[in-house]
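Have a look at the structure below before the remarks.
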Amino acid sequence: MTLPTFQEGQVALYEGPGRPLRHIHTSWGPPEKGEVLVRIMQCAVCRSDVHTLEGRRQVATPTVLGHEIIGRVVSMHPSMPIEDLQGNAIRPGDRVTWAIYAHCGHCFFCDHDLPQKCLHLFKYGHQPVHADGSGSSGGMADYITLKPGTPILRLPASIPDNAATPLNCAMSTAAALLREAGKPWVNQASIMVIGGGYAGLSAVALARDQGAKNIVVVEANPAFHERCIAFGADAVVERPQEAMACIDSQTKENNRGFDLVLELAGSSRAASMALESVRTGGKMMLAGTVFTSPPIELDPEAMVKRCLSIQGVHNYHPADLVTATRFMESSGSTLPWASMFGHVGSFKDIQKILEWAAHNPGQRAFARMDS
Ligand SMILES: [Zn+2]
Ligand SMILES: [Zn+2]
């Protein structure tokens, strides 16, 4: 019998806004019951990581950031076989992704099929770690120990690493948004998507695939407009006022407003925009504002008289990770996913990668742990 071994490696410790990450050496013990030890292959820099680095999103420190991660399974506890979300046995060497959280499976929210709001939620890339780097649970590290209750998914070989890495955050959030909206809403006459970044365009592509008829994207940066069309938008505009004109000309609905509005830009202004753009009896869904933003005005009388539905979507259900992965598998060669990918650097240059990401919103930067 082989003795359990410790894996040696590095983590990039985040100690507070404005402070450069610090590489420190640490080790990962053999997995305990229900745990899976993974060698990280690659971690993407999500906008929420940038918000944390810039001090707009509060996290307990020190911590190891990064939650859009893929890796190869090293080992799991021998007494406990582990299956992925599709019932495949997880084995050493498997290339995997996993949900951004582990959940307990038996609290009020888990019992109500809302595991993403589990009372004991453990979010990767968000938990504090020891000053020596031990207990790390973020992607900016050589290894990660997945907790029991982590929804894991074996990745199809046909999905390249760059396309696979943001599946478990941006794209699963987009899948959650459309599942929560429901097919009848996606199939209504008009959808407005606010934000032409990774999550926004994932929502556009998924909505198109699910039968959406007329999608208008609001994206402030004209450099991304061509990409929005390539992902399936019928029109793309810089400001929401122009979006109204688009549905006028395309559906002749006389400025009625959009049936469904999805906010994925992540600002109070975008949320206000969504509120102004949704039609009477329409549905507005918010998923972008995942950090503290100024409140927006909600006129209760207008809410009632406009018969509005407003829904927030945070994190996602494990089933959304499966939807996102299947969609990437089928659309990988037909949509220009590569236009979403930017700088790829070595983990040792993590600071440069983060700086690139901060200056290039709308494109993903990646750190490779094996180069
Ligand atoms: Zn993210
Ligand atoms: Zn729970």
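Start at 1 and go down the list; that is how both ligands and their atoms are numbered. Along the sequence shown, residues carry numbers from 1.
None of the N, O or S atoms belonging to H106 lies under 2.8 Å away from the Zn ion (ligand 2). With 2.8 Å as the limit, C104 counts as an N, O or S neighbour of the Zn ion (ligand 2). At least one N, O or S atom of C110 sits under 2.8 Å from the Zn ion (ligand 2).
The distance between the ring centers of F109 and H103 does not fall below 6.0 angstrom.
Among heteroatoms of the N, O or S kind in H67, NE2 lies nearest the Zn ion (ligand 1).
Follow the hydrophobic side-chain contacts under 4.5 Å out from L167 and you never reach M369; the two are in separate clusters.
Seen from the ring of F122, K147 counts as a face-on cation partner, given the 6.0 Å and 45° thresholds.
With no hydrogens or angles considered, a side-chain donor-acceptor pair links H314 and K117 at under 3.5 Å.
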